[in-house]
Structure formats: C-alpha cells, structure tokens
Amino acid sequence: MKKTLTTLCLCTMLLISGIFITACGEKSETKNYTITLPTSTDYTITSDKEFAEEGQTINLTITLTNNEIVIENVLANNNTCNRMDNSTYSFIMPDENVTITVQTSHLQEVFATDFVWFDEDNLYTITQSGSGTYSNTRDLNITFAKKQGMTSVRTTFSSSNQFVIPNSAISFDPVTDSDLNGSSGSNQILKGIIEIDPTQINEGTSYLTMEFASNNNSSSIDRGTLIVKITVVPYGELTLETVKETLVIDLFSEMQYQTGDTFCLRIGDRDHVDGSSNPSYVDYILTLQSGRRLSIEFDYILGHRFWIRLVEGESQPDVQPGYIEEFIFDGRSIEGDEESGYTGFLNDSLMYLNANDSVTIDAELNPAL
C-alpha cells in the first residue's frame, strides 16, 4: 500500500511540474506539426500530408497554370526543397511548423548567345497540321559559332505548355559542313534544325527552352540556352506580312502585239509556308494598254523569293512551258528552270528588298515556241 501511494505521488508531482505522460511508465506522444501551402494564380500546389512528425518525408506537387513563368526555388521555411522532377519537390519535416514558399520568375526570350543563335527568318507563329494535308515539320533554324572539331551536340528541349507543344513533338537535326558544301566539306556541325511535329501540337502559346552544348568540349563557353515564345494557330490561319510591290515586264520585241491583247502572269512563292493563308501562287490577267509593257502591283511577302511565268491568253498551261525564257533583272540574266517543264521558275529569284519597289524585267521569246 505504501508503494502504491509513493507512485501516485510521483505521477502527481510530474504533472504539476509540466511534464505530461500518457500513462505512468509509458513513452510520451510524438507531436505533429502543420504544413502551410501558398496560394497563387500562377500555380497550384498540393502536399501528401497536412500534418507530419519530425523526420517524415513530405512530397509537394506543383502544377503551373501560367506558362509564362518558371519555378526558381521552393523553400520549406528557409530551407531549399529537393527537386525530384519538373513538378515534384520534397523535404524532411523539422521539429516545427512549416510554411512553403514558391519562388518564380517570368520567362524571358533569349534569341542569341555567343555559342548559338536563332536565324533571322524564323517564324515564331506556326500552324497545326491540316486535315488531309501533307505537313512534315514546322522548323526553327539555328546557327552555331564556328568551333573547330565540333562534331556532336548535346541538346535538351523543354516546353512550358505540354498541351500546346509537348516535348515529344520537338526534335533536332544537325547540319554539317558537308551537308552545306558537299564532299569538300567536313563533318563539323555549323547549323541545326529544330523540328516541331505539327500533328502533335494544339492552339495556344508555349515557351520553348533549348539547351545546346558541344560534346567535343566540356568548356562552359561551348554551350548556350535559347528561349522563344511559340504561338500555334489552326491550319490556314497564319497570315504573313505583305507589302505592295510593282512588277513590269517588257515583252519580247520580235512579236507584234496590239493594245487589248491579254496575258496570264503567274507569280509563285518559292518560300510558301504550309498552313498560311497566303497562297502559293496567284494568277493575274493583264491587258496590254500600249507599247509592249505589262505592269502589275501585287502583294509581296516580306523576305520571300518568287518565281514568275507569263503566257499569252487568259489561263496557264498545265504542261507546256511559258513564253518567258530569260529575264534580265537587276543587271543579271536570270534563266528559266527547264527541269521543271516550265520556263518561269527562276534559278535565281525575284526578290524585293524595300517596300514600294518597282522592278522591270526584259522578257525574251522561248525558241521552242
């Protein structure tokens, strides 16, 4: 009886002194701490635990809802969380309550570094593949700084919006010196083509982050990261910028034409973009007003090369060559491409450099006619 009273007194003294014991002779209960998550319009975040004991592993999942930002860091109180992949982070629960902080920044486009850069004629608005239309890829062209001996390039591609452009839609095709210059060239990589599969993409915008590094040199100099915002529109809804240009054709002198005679002039776009609303060629019916000169004002797509074909009458022939054999353009003789069966395709190209230009071409009769 005396032993029982002694034990009771000891338990009472421990309680009074602030030491809480579930039952006399048993271990104290471990404390659970809270995990407080931030709220944002740029992302959603979830935790696999709302409360946790010290030493437990906590997994966080962050899903971006704004594809123009990137996650820089995730903190549990002041400690950096471990990044598992693009959307999952983890940390070990400390012996205190935890507040999660997500540090983000806005993506900024990077078009050039000392090692690699985008070519000037790239299109950053592209189209999906059209139904029943042959569409291979939508390409971005890049150029590398000339590094002797660079025969292999390591690449990493990441899209900020996987619905618009999934990573699986992006591939890379290196272009070597021999690709550009034939057998006289080396296997050194000078350029590259970033190919986007139009059958996998959807309408919207996404930032593409593209990392390049030479496999022949581990130096930090021989690497670079490009970032570009890509807009995807439905097939046929890409409109390219045009300006009004004037083309004058001085007809061959050995033929006698009269005022009122008609001609069909076809102006074709050698750099036609699949999926654009701009046509690949346009036919114009021209009427000779006086003398032997025909004139047409047409929509010229900036930066594109054009071919032309002229025939007498109001329609283009399906197979027979046109009437123009030779063009004199800008002081240079430009001959037709006989391999195609049409004399109007140019080995060189009709290309305007400034808005509101007027170019005069001298036409000579095709001897085969």
Side-chain angles (χ1 to χ4, degrees), residues 11 14-110 154-171 200-202 204-213 218 220 223-230 232:
C11 289
L14 290 172
L15 287 171
I16 293 173
S17 65
I19 302 176
F20 296 92
I21 302 178
T22 302
C24 290
E26 295 183 8
K27 190 176 181 180
S28 62
E29 182 178 323
T30 304
K31 184 174 181 180
N32 277 331
Y33 296 98
T34 61
I35 301 168
T36 302
L37 303 178
T39 60
S40 174
T41 58
D42 291 330
Y43 57 82
T44 61
I45 180 170
T46 60
S47 171
D48 63 349
K49 295 180 179 64
E50 186 177 357
F51 303 94
E53 301 174 357
E54 179 186 0
Q56 286 188 303
T57 299
I58 311 302
N59 294 307
L60 305 172
T61 300
I62 303 176
T63 302
L64 292 175
T65 55
N66 179 354
N67 63 22
E68 295 192 3
I69 71 163
V70 62
I71 297 174
E72 296 287 353
N73 203 6
V74 179
L75 301 176
N77 290 344
N78 294 319
N79 299 312
T80 300
C81 294
N82 181 36
R83 182 172 181 171
M84 310 296 290
D85 54 39
N86 287 336
S87 61
T88 307
Y89 297 78
S90 68
F91 67 95
I92 304 300
M93 194 70 187
D95 59 343
E96 60 181 352
N97 295 329
V98 167
T99 297
I100 301 300
T101 303
V102 179
Q103 299 175 336
T104 64
S105 63
H106 274 75
L107 284 165
Q108 299 292 327
E109 290 185 294
V110 178
R154 185 170 63 258
T155 60
T156 302
F157 301 115
S158 177
S159 171
S160 68
N161 192 324
Q162 291 295 302
F163 172 76
V164 175
I165 303 178
N167 290 343
S168 61
I170 310 169
S171 60
Q200 297 188 48
I201 62 180
N202 295 286
T205 60
S206 181
Y207 281 83
L208 302 188
T209 300
M210 312 172 186
E211 301 176 10
F212 303 90
S218 60
S220 60
R223 64 182 62 220
T225 299
L226 303 177
I227 303 174
V228 62
K229 182 179 181 180
I230 300 293
V232 178

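Quick note: numbers below take in every heavy atom, side chains included, and nothing from hydrogens, waters or symmetry partners. This chain uses plain numbering: 1 for the first residue, then up along the sequence.
With a 4.5 Å cut-off on side-chain heavy atoms, Val164 and Thr205 do not count as touching. No side-chain heavy atom of Glu68 sits less than 4.5 Å from a side-chain heavy atom of Leu107. Side-chain contact between Ile35 and Ile100: present, with at least one pair of heavy atoms (C-beta onward) separated by less than 4.5 Å. Within the 4.5 Å cutoff, side-chain heavy atoms of Leu226 are placed close to those of Phe212. Here the side chains of Leu64 and Ser160 are not in contact, with every heavy-atom distance at 4.5 Å or above. No side-chain heavy atom of Leu208 sits less than 4.5 Å from a side-chain heavy atom of Phe157. Side chains of Asn79 and Phe91 form no contact here, defined as non-hydrogen atoms less than 4.5 Å apart. Using a 4.5 Å heavy-atom cutoff, the side chains of Ser87 and Ile62 are not in contact.
With sequence neighbours left out, the side-chain contact (heavy atoms from CB on, under 4.5 Å) criterion links Thr99 to Thr36, Asn77.
Of the inter-residue distances, the one linking Asn161 atom CG with Ser206 atom OG reads 5.0 Å to the nearest 0.5 angstrom. To the nearest 0.5 Å, atom CD1 of residue Ile165 and atom OG of residue Ser158 are 11.0 Å apart. Taken to the nearest 0.5 Å, the CG atom of Asn78 stands 8.0 Å off from the OG1 atom of Thr101.
Of the residues listed (Thr104, Asn67, Asn66), the one engaging Asp42 in a side chain to side chain donor-acceptor pair (under 3.5 Å) is Asn66, and it is the only one.
In terms of modelled atom types and a separation under 3.5 Å, the side chain of Glu109 and the main chain of Lys229 share a donor-acceptor contact. The main-chain N or O of Asn59 is found under 3.5 Å from a side-chain atom of Asp48 such that the two form a donor-acceptor pair. For Gln162 (side chain) and Asn167 (main-chain N/O), a donor-acceptor pair under 3.5 Å exists by modelled atom type.
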